[in-house]
Each structure stands twice: as structure tokens, then as C-alpha cells.
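Hydrogens, waters and symmetry mates are skipped; everything else that's a heavy atom, side chains included, is used. Not measured: the values here are computed from a predicted model. Chain letters run A, B, ... following the sequence lines, proteins first, then strands; residues in each count from 1.
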There are 2 protein chains.
Amino acid sequence: MLVADTFKALGDPVRLQMIQRLSQSTQYTVGSLSAGLGLTRQGARKHLQLLADAELVSLQPRGRQTKVTLDATTLAHAKRFITELELQWDQRLLALKDFVENDVPTKQTNT
Amino acid sequence: MLVADTFKALGDPVRLQMIQRLSQSTQYTVGSLSAGLGLTRQGARKHLQLLADAELVSLQPRGRQTKVTLDATTLAHAKRFITELELQWDQRLLALKDFVENDVPTKQTNT
DNA sequence: ACATTGTGCAACTAAATGGTTGCACTTACT
DNA sequence: AGTAAGTGCAACCATTTAGTTGCACAATGT
């Protein structure tokens, strides 16, 4: 599973709100989670499936209803990706500062 | 600008690679950034426009060419959003643990 | 046994997305 | 002045996405 898929799944207001709700309660079912989002249950269910495919949530059938829980692991992966970008970015700025101050050429990756 | 728009912009392999490149060098132009991605320059340009609209990169015309730089601020916002989700999630788990161990009812947000 | 509740799935439609080609235009080089 | 380089923009096409309606079906409650 690519990180891009995780971001893609997070890139929708409805799905983000679902995730946000799920971070606040462990008691959600497909029905309760789909209510009050301004679209039909079936519409919401499609979003939910996307989140499940991206492994951001897991669906556990419990008799008549299906429990929905957050998968914090995938969320953590996405966060880590951003953190690493920021690290590279900071190093770049540092190298640039070095170049300006001391005339030490910085290694160029691309032109 | 909604956080969802940031995630949406990050939710594509081509755009993620662009962001990754930009985190490694401050020397990119539209042309150099668009090369070697397996699609036409005009195709890449569309992705770049999306990133610019999401304020993940900024485009600065420099005579004949256009310089592209990363906007780390927006990236930081996205990261923060995830961090806050994780915080709520952790608190939830803690409350749940409390409930199981001590039979202290936890405040339910939803049913 | 029967009704109701919670869910899943398929078909369909409108709009957004990802990609292409073709062309115009300005900046720089000789 | 003439050519090449770097870009921007519009038109077009195929695919995916976001939403709907309609229906089937198993689990629960009376």
C-alpha cells in the first residue's frame, strides 16, 4: 500500500470527519458513523469502504451490525512520511545557509 | 483552505514525488521538476498547479523560467492535524482502559 | 411467525481527474 | 533579426469518483 493511497483517502471532507469521529469514540457502527453527514447511508458507506481499503479503519461484523474502529498505525505512517520530508527540507535549508555564509558549494541533486 | 485539500493534493504518486524532490533541492524549475516522471510536461504542469492551489508549493517566474519551491508551512499543518487525531485517540484508549479496570463510566460522545 | 433494524450490493448518472496533443508567446542566445 | 528554450493554456478523451435509488437479506425484537 502506497502512502499516496493513505493521503488520497484522507483527502475528502466527509472521510476526514469520519476519521475525526472515530478518534473520539470506539463505539461507532456503520450506521451511527454514517448518520448526520449530509448524504445517504449508502453514500457514506462507499467512503467508509475507501477508508477500509486504505487500512485507515477496520470493519468488524458483530451480528446484525458492523463495528468500525480507527487504525492508528496507518495514520502514523502518513505522519512519519511528512516528518521525513521536513527533515530533508531542513537539511537543505541548512546546506544553503552554509553556502551563502562560507561559499562552500552544496551537493546538487538536480538542475 | 481545508486540510482535506492538502491531503487530496498529496494523494497522488506523481505529486508526492514532486514534493519529495522539492524537499531535496531548492533549485527546481517547472521544466526540471516535470522531467523524468513518465508523463508529458503539460501533464506534470497540471499536477504542479494542483500543488500550488493547495499552497504546498509556490511558483515564482524568473524571466524565461519559473522557479518552484516547497511551502513547508502547509505540510506542517497537515502533520499537526494528524498529531491531534492521535492525541484524541490516545485519550480515548486511556478512558477505555479506565472503564475496564475500575468500572468508571466514560463519557460517551456517540452511540 | 412476523415485523423491524442494520447492512450490503448493483445499476445508474453527473462531475472531477489524469492524461494527451497542438499552439501561442515571451525570454534569451548568436 | 532570427532561432531556440521554457512556459502557459485550451480542447479533447478515458477513467474514476461521488452521489443517488432500489432491492435483497440476515439478525433481532415481539
Side-chain angles (χ1 to χ4, degrees), chain A residues 1-22 25-69 108 110-111, chain B residues 1-22 25-69 108 110-111:
Chain A
M1 190 62 68
L2 298 167
V3 203
D5 294 323
T6 305
F7 286 129
K8 190 171 190 174
L10 292 174
D12 179 281
V14 171
R15 292 194 291 269
L16 265 195
Q17 198 176 346
M18 284 178 161
I19 294 283
Q20 215 151 17
R21 284 185 181 187
L22 288 168
S25 169
T26 49
Q27 303 299 117
Y28 276 104
T29 64
V30 168
S32 63
L33 184 60
S34 300
L37 292 174
L39 64 157
T40 61
R41 177 185 56 80
Q42 291 91 329
R45 178 57 229 254
K46 286 221 215 164
H47 284 289
L48 201 43
Q49 189 59 48
L50 264 175
L51 290 174
D53 290 345
E55 291 173 46
L56 277 162
V57 307
S58 75
L59 305 174
Q60 301 142 306
R62 291 264 182 286
R64 181 167 43 173
Q65 49 193 19
T66 301
K67 199 178 171 187
V68 187
T69 53
Q108 284 312 353
N110 213 294
T111 312
Chain B
M1 191 62 68
L2 297 168
V3 202
D5 293 324
T6 305
F7 286 129
K8 190 172 191 176
L10 292 174
D12 180 282
V14 171
R15 292 194 290 268
L16 266 194
Q17 198 177 345
M18 284 177 161
I19 293 283
Q20 216 150 18
R21 285 187 181 187
L22 288 169
S25 170
T26 50
Q27 302 300 118
Y28 277 104
T29 64
V30 168
S32 63
L33 184 59
S34 299
L37 291 173
L39 64 157
T40 61
R41 177 186 56 80
Q42 291 92 330
R45 179 55 229 253
K46 286 218 215 167
H47 284 290
L48 200 43
Q49 189 58 49
L50 264 176
L51 291 175
D53 289 345
E55 292 174 45
L56 276 161
V57 306
S58 74
L59 304 174
Q60 300 141 306
R62 290 268 180 282
R64 181 166 44 171
Q65 49 194 19
T66 300
K67 199 178 173 188
V68 187
T69 52
Q108 283 314 353
N110 215 293
T111 312

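- Contacts between residues 33-44 of chain B and DNA chain D, defined by a heavy-atom separation under 4.0 Å, are made by B:Arg41, B:Gln42.
- No contact: B:Lys67 has no heavy atom under 4.0 Å from any strand.
- Using a distance-only test at 3.5 Å, with no hydrogens or angles considered, a donor-acceptor pair links the side chain of B:Arg21 to the main chain of B:Leu33.
- Residue contacts for B:Arg62: at a heavy-atom cut-off of 4.0 Å it reaches no nucleic acid atom on any strand shown.
- As rounded to whole Å, 11 Å separates atom C1' of D:dC9 from atom CD of B:Gln49.
- Side-chain atoms of B:Leu10 and A:Val3, non-hydrogen and from C-beta on, never get closer than 4.5 Å to each other.
- Atom NZ in A:Lys8 sits about 6 Å away from atom P in C:dG18, given to the nearest Å.
- In this structure, OH of B:Tyr28 is placed 13 Å from P of D:dT7, rounded to the nearest angstrom.
- When distances are taken from the side chain of B:His47 to each of C:dG18, D:dA18, C:dG8, the shortest belongs to C:dG18.
- B:Gln65 places its CD atom 16 Å from the C1' atom of C:dC25, with the value rounded to the nearest Å.
- No donor-acceptor pair under 3.5 Å is formed between the side chain of A:Arg62 and the backbone N or O of A:Lys67.
- With C:dG18, D:dG8, C:dT7 as the candidates, the nucleotide lying closest to the side chain of A:Thr29 is C:dT7.
- Considering only the side chain of A:Lys46, D:dG19 comes nearest among D:dT7, D:dG19, C:dA28.
- For B:Arg64, counting side-chain heavy atoms from C-beta on, the closest listed nucleotide (C:dG6, D:dT17, D:dA4) is D:dA4.
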